[in-house]
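The structure presented is a predicted model; accordingly, all values stated were derived computationally and were not measured.
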Amino acid sequence: MLQVSLSQLKSHSRRFIAITLAVLLAVAFLSATLMVNASTKASLKASLGQSYAAADLVISPPTQTPLTTAELAAVTSSPVVGASYGQRPLFLQTNLGKASVGAQLRDVPMDPALEPVKLLSGAWPTKDADVVVDRVTAERNSLSLGSKVTMSADAGGKEPASLHATVSGIMAASFDPMSSGTAQFVGTTAAVEKLSYPDSGSTGISVLLKPGVSVADAKAVLATTLDQPADTILTPDEQTTQQVSLLTGGQDQLTIVLLAFAAVALLVAALVVSNTFSVLVAQRTRELALLRCIGASRAQVRNSVMVEAIAVGFIASVLGVLVATGTMALVLTLLGQNPNFAFATLAVPPSAIVAGLVVGTLLTVLAALVPARAATAVAPLAALRPVDDASMHNAGGRVRLVVGVMLLLAGGVGLVYGGISTNLLIALPAGAASFVGVIMAATLFVPKLVALAGTLAVPAGVPGKMAAANAVRNPRRTTATASALIIGVTLVTMMMTGAATARQAFDSQLDSRYPVDLSVQAYPGEPAITADQLSAAAALPGVKQIARLELVGTVTAGDLQIPAYGIHDADAAALLANSANRPTRTSVVLPKDVKATTATLNSGTQTTNIAATPSTTYELMAVVSLDAFPPVAADDPLQRKAAAPLWISVDESLEANALMDLRTSLATALGVNEYQVSGDVLEKATFNQVIDMMLLVVTALLAVAVFIALIGVANTLSLSVLERTRENSLLRALGLTRGQLRGMLALEAVLIAGVAAIIGSVLGAVYGWAGAQAALGSFADVTAVIPWDQILAVVLVAVVAGLLASVVPARRAAKLSPVEGLAMD
């Protein structure tokens, strides 16, 4: 039988092309998903964790207090440490000749291996008067090797400390969102100390371990040395995960979502490969029965199928892993060409290779086992005759339906509960179970929906009427054809809805953290910004709204007294995306840490008790409605103590470089120094770029599901044509033309594909919203966002895919002469 199996593989290789392609794409889907998970972590490490990516361990202070010089010395002298780097970022003002900008200065590590960014030209600082500047700042300010810069900062003395330095090198710009939009400099440790407060300490210590020292042992030694908790000493991957969790309410939702995606990919692969291989083995039922008639035992026939399945599954799995690796490399290479996604990093974990090979081969074998066993379970002579399939009229069909309905109901309840409780570990298996239930119970509703849609084909004449009748005459065949496409469309629309909903949730979270795009702070004693300057700034490309806040008075909440600024209601609605930061005409918005529910507004000689709510981010001021409370007089003594800021909203489509250019243009138009134009829009834009990169890579995988579904539809239609050879030939003999036969099969495919696409779209929208709610609901308000235009496009593509899938079977049926077809058994 081994020879029979090898002969089958050789002589009927075209028969295995479809199953090879289906397994290949399924394995590529699974492996690429695991690579997305690993590549996302690597990309986050290259962006959020760039400052410590080269280290073996990262030591963070257990409290807000920086690590002291003594603690850094203790780490450096530890017997497990080969090299250490105490990171001391300092934010200061820098004069670059033509502009004065806010900048970040950090110390250069003693060991070059711990340097987080690449030196592009020149040399790292060796003297206190040397600095290295990032490429973006150098290009924007015409800096080159030898250029002079002046840095100044409040170092705790009577006068600000200053440093006159020379540019000794140019480095790549950091991808860390916390440094976005800030001029980045690197100097010697002594230079940083000169501009810092005494014993300002390190925000973190990067460590390279000595050869042979394990991470676990080093953590224990360093925790004892520093007398601080072990959870403050992490690997770079653990530190990055912790940083991400700070943005997601203390949970590593990103990893959970990506692992959920991998599980969904595995489920889809299992369903589609099983369906495809079942069709191919069913086509060989008569052949296998003939082998039994000439002496082959049941075990031999079954084993011959298993040999074919193992060979096809393993070869297809190898090709699938290679395709996944190549696709991911291509996608990330193309992303890397964009400076905004230059941090995109390819990671191919061993799990992606091993899982692809094992799962692909195992899926193929298991998918072949069930139909092979069914083909050998009946007597040889009986197998040579048509066998009734599982339907509602036999025990097998009734069991299938009962199990499917139970899975659908139980999974649906679990999915709802998981969404309400924001528990993805419950929602994911429940959703998978409910989807399997839908596929198993599809015989209950798919034929009826196809019959309803068949009325639309009646105007096409005889081919249309026959297509509508044929589409529902064999419910099992109709359901099998539709199921392949339901799986693909459900996955695609689920990810589209989930991505759109997640995008909205992330935007809401970022809007809470960064409520105002940009603000301009004028200082008392400086010339006021004129109305003409304000108009010039508002006219700049990229500026959506600009408003001047007016000093209204002071607000007293408990023991706290802070300035109160007013903003018009219309400006607040346009500038503040998060409604929690907008004052009403009867309330004041307080700094985020002030939990008072009432406050007192003192404006001139008037005192008003007013309701109070905390903001999501304000720290040093209160905000009231300028439509309810007038500003203080121009000669009020308060005006000499505080200057009203400007709030600006900008076009959300602007990239980081365009935002930096806009900030420079705003400073020029308003007549202020560039460092006075501050805001978190650049940091928010960088976080958005990280999120967009991840969603883009995941979305790029969705095309695979469409191809798999197309193969499934083509295979089931091919079986349909094979089963109806005599019937189609009889229709030809009675006068049906080749064109009418092709049209009949095409209309049948379109009816089934259209119904499957609509069912899949509804299921995908529900699963996408429920998945986003379960994954993200614990730290953000999740509102269902259904991309109707994208879903409509998917439905149209699915219908066209069904039409294309009918081309080959219809062509084969039309080419066969009526006499030859009627002569076939």
Side-chain angles (χ1 to χ4, degrees), residues 50 89-108 116-125 127-153 160-188 191-192 194-195 339-340 342 517-521 533 536-537 540-543 648 650 654-683 685-686:
Q50 185 182 29
L90 173 65
F91 292 90
L92 38 71
Q93 179 184 342
T94 304
N95 190 320
L96 304 179
K98 296 182 179 179
S100 180
V101 301
Q104 182 190 71
L105 173 68
R106 63 173 175 83
D107 53 325
V108 64
V117 297
K118 181 181 179 181
L119 184 69
L120 301 178
S121 62
W124 292 110
K127 298 182 296 184
D128 295 348
D130 288 343
V131 292
V132 171
V133 63
D134 71 277
R135 178 185 57 80
V136 175
T137 301
E139 292 177 353
R140 288 174 52 81
N141 296 277
S142 301
L143 298 178
S144 59
L145 300 181
S147 296
K148 304 296 184 182
V149 299
T150 300
M151 300 180 176
S152 60
S162 61
L163 174 69
H164 301 283
T166 302
V167 175
S168 65
I170 296 176
M171 63 184 178
S174 172
F175 298 128
D176 188 344
M178 302 302 178
S179 301
S180 296
T182 302
Q184 301 159 23
F185 291 89
V186 174
T188 63
V192 174
K194 179 180 180 181
L195 298 172
N340 296 319
D517 289 341
L518 292 172
S519 64
V520 179
Q521 182 64 58
Q533 289 174 320
L540 290 173
V543 174
I648 305 169
V650 301
L654 293 179
E655 297 180 347
N657 288 337
L659 289 170
M660 294 175 69
D661 292 335
L662 179 58
R663 186 175 63 180
T664 301
S665 300
L666 282 169
T668 302
L670 296 171
V672 298
N673 290 316
E674 191 170 333
Y675 70 84
Q676 292 176 257
V677 183
S678 62
D680 298 310
V681 66
L682 286 162
E683 186 176 343
T686 305

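Ser168 OG to Leu119 CG: the interatomic distance, rounded to the nearest 0.5 Å, is 8.0 Å. Taking OG1 of Thr94 as the reference point, atom CG of Leu195 lies at 9.0 Å (rounded to 0.5 Å). Taken from CE in Met151 to CG in Leu96, the straight-line distance is 8.0 Å, to the nearest 0.5 Å. Rounded to the nearest 0.5 Å, atoms CG (Asn95) and CG (Asn141) are 10.0 Å apart. Note that CD of Gln104 and CG of Leu90 are 8.5 Å apart. Values are rounded to the nearest 0.5 Å. With rounding to the nearest 0.5 Å, the separation of CG in Leu143 from CZ in Phe185 is 6.5 Å.
At least one side-chain heavy atom of Met171 sits less than 4.5 Å from a side-chain heavy atom of Asp134. With a 4.5 Å cut-off on side-chain heavy atoms, Leu662 and Leu654 count as touching. Between Ser174 and Arg106 the shortest side-chain heavy-atom distance does not fall below 4.5 Å.
Taking every heavy atom of both residues into account, Ser152 and Leu92 meet most closely at O-CB, 3.3 Å. Across all non-hydrogen atoms, the minimal contact from Ala165 to Val131 is CB-CG1, 3.8 Å. Between Leu670 and Ala537 the shortest heavy-atom distance is CD2-CB, 3.6 Å. Pairing each heavy atom of Ser142 with each of Ser147, the nearest pair is O-OG, 4.3 Å. Pro125 and Val186 make their closest contact through CG-O, 3.3 Å (heavy atoms, listed as atom of the first residue, atom of the second, distance). Across Lys127 and Thr188, no two heavy atoms sit closer than the pair O-CG2, 3.3 Å.
When Leu540, Val672, Asp661 are each tested for a side-chain contact (heavy atoms from CB on, under 4.5 Å) with Leu666, only one passes: Leu540.
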task: Step by step, work out the side-chain contact (heavy atoms from CB on, under 4.5 Å) result for Val132 and Ile170.
output: CA-CA 5 Å; Val132 171; Ile170 296 176; 5.6 Å; no

message: What verdict does the side-chain contact (heavy atoms from CB on, under 4.5 Å) test give for Asp517 and Ile648, after you've listed the backbone C-alpha separation in whole Å, the side-chain angles of each residue and the deciding distance to 0.1 Å?
response: CA-CA 6 Å; Asp517 289 341; Ile648 305 169; 5.9 Å; no

- request: Check step by step if side-chain contact (heavy atoms from CB on, under 4.5 Å) holds for Thr166 and Lys148.
  value: CA-CA 5 Å; Thr166 302; Lys148 304 296 184 182; 2.8 Å; yes

Leu659/Leu518 under side-chain contact (heavy atoms from CB on, under 4.5 Å): CA gap, chis, key distance, verdict: CA-CA 10 Å; Leu659 289 170; Leu518 292 172; over 6 Å; no

